[in-house]
Amino acid sequence: MKKHLIVYTADLHGNEGQYQKLVKYSIDNSADSIIIGGDITPKEEARNYLENQGRFIQNQLPKLISQLKQQLSKSNLFLLMGNDDCSANLDLLEQNDPRLYKIIHNKRIKITDDFEII
């Protein structure tokens with residue numbers, strides 16, 4: 001029986017270099033599921049904090065993870081908002097292409113027959 005490889009990370013805080021490392025690691029290891037467990041957006045002391053996170057979700061996030069989905073089309077990417085992600089932007093996360101990722105914020109998701117995340 002083939003094992004289901006899960007790659008888990010958190011606290012990327014919009015750092016493009018860290019996203020690129022995640023994508024490379026996941027592709028190199030043929031990850032079946034990738035979970036980003038919070039703090040996906042930039043954390044900065046900017047005046048337009050909420051708007052900057054919204055722009056990241058709409059513009060940069062899809063670009064950063066699209067290579068992952070091109071290389072590992074059958075893998076699942078799960079996103080969970082963290083304490084530094086503005087919940088007011090959850091609707092923007094939900095508007096992106098559902099083929100890129102699944103939002104697991106406040107949900108119970110079955111990853112495999114034997115493994116769930118809550």
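Every residue two or more places apart in sequence or in another chain was checked for a side chain to side chain donor-acceptor pair (under 3.5 Å) with H105, and none qualifies. The side chain to side chain donor-acceptor pair (under 3.5 Å) test applied to Q67 returns no partner, not counting sequence neighbours. With sequence neighbours excluded, the residues forming a salt bridge (Lys or Arg N to Asp or Glu O under 4.0 Å) with D32 are K2, listed by chain and number. Scanning for side chain to side chain donor-acceptor pair (under 3.5 Å) contacts around S75 gives an empty result, with sequence neighbours left out. Legend: residues meeting side chain to side chain donor-acceptor pair (under 3.5 Å) with R47, ordered by chain and number and at least two apart, are absent. Annotation: side chain to side chain contact (heavy atoms under 4.5 Å, CB included) contacts of N83 (sequence neighbours excluded): D39.
Listed for the N29 side chain is no donor-acceptor partner under 3.5 Å among the backbone atoms of A31.
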Could you tabulate the donor-acceptor pairs under 3.5 Å formed by side-chain atoms of residues 18-27, not counting sequence neighbours?
| from | atom 1 | to | atom 2 | distance (Å) |
| --- | --- | --- | --- | --- |
| Y19 | OH | I40 | O | 2.7 |
| K24 | NZ | D28 | OD2 | 2.6 |
| S26 | OG | L22 | O | 2.9 |

Only distances under 3.5 Å count here; give the side-chain donor-acceptor pairs of residues 86-95 to other protein atoms, sequence neighbours excluded, each with its distance to 0.1 Å.
| from | atom 1 | to | atom 2 | distance (Å) |
| --- | --- | --- | --- | --- |
| N89 | ND2 | L50 | O | 3.1 |

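Contacts classified as salt bridge (Lys or Arg N to Asp or Glu O under 4.0 Å) and involving residues 103-112 (residues at least two apart or in different chains) are given here: R108-E116. Residue pairs that meet the salt bridge (Lys or Arg N to Asp or Glu O under 4.0 Å) test with at least one member in residues 73-88, sequence neighbours left out, are K43-D84. For residues 81-101, no residue pair satisfies the ring-ring contact (aromatic ring centres under 6.0 Å, His included) rule, not counting sequence neighbours.
I6 shares a hydrophobic cluster with Y8, I35, F78, L80, I104, I109, I111, F115, I117; the chain of contacts runs through ILVMFWY side chains whose heavy atoms sit under 4.5 Å apart.
Looking at every heavy atom in both residues, Q60 comes nearest to E16 through NE2-OE2, 2.8 Å.
Side chain to side chain, S33 and H4 meet the donor-acceptor criterion of an N or O pair below 3.5 Å.
If you chain together hydrophobic residues whose side chains sit under 4.5 Å apart, I103 and L64 fall into the same group.
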### Task
Go through I36 and L12 one step at a time and tell me if the side chain to side chain contact (heavy atoms under 4.5 Å, CB included) criterion holds.
CA-CA 8 Å; I36 303 177; L12 297 177; 4.1 Å; yes
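Residues L100 and L77 are not in side-chain contact: their nearest non-hydrogen atoms beyond the backbone lie 4.5 Å or more apart.
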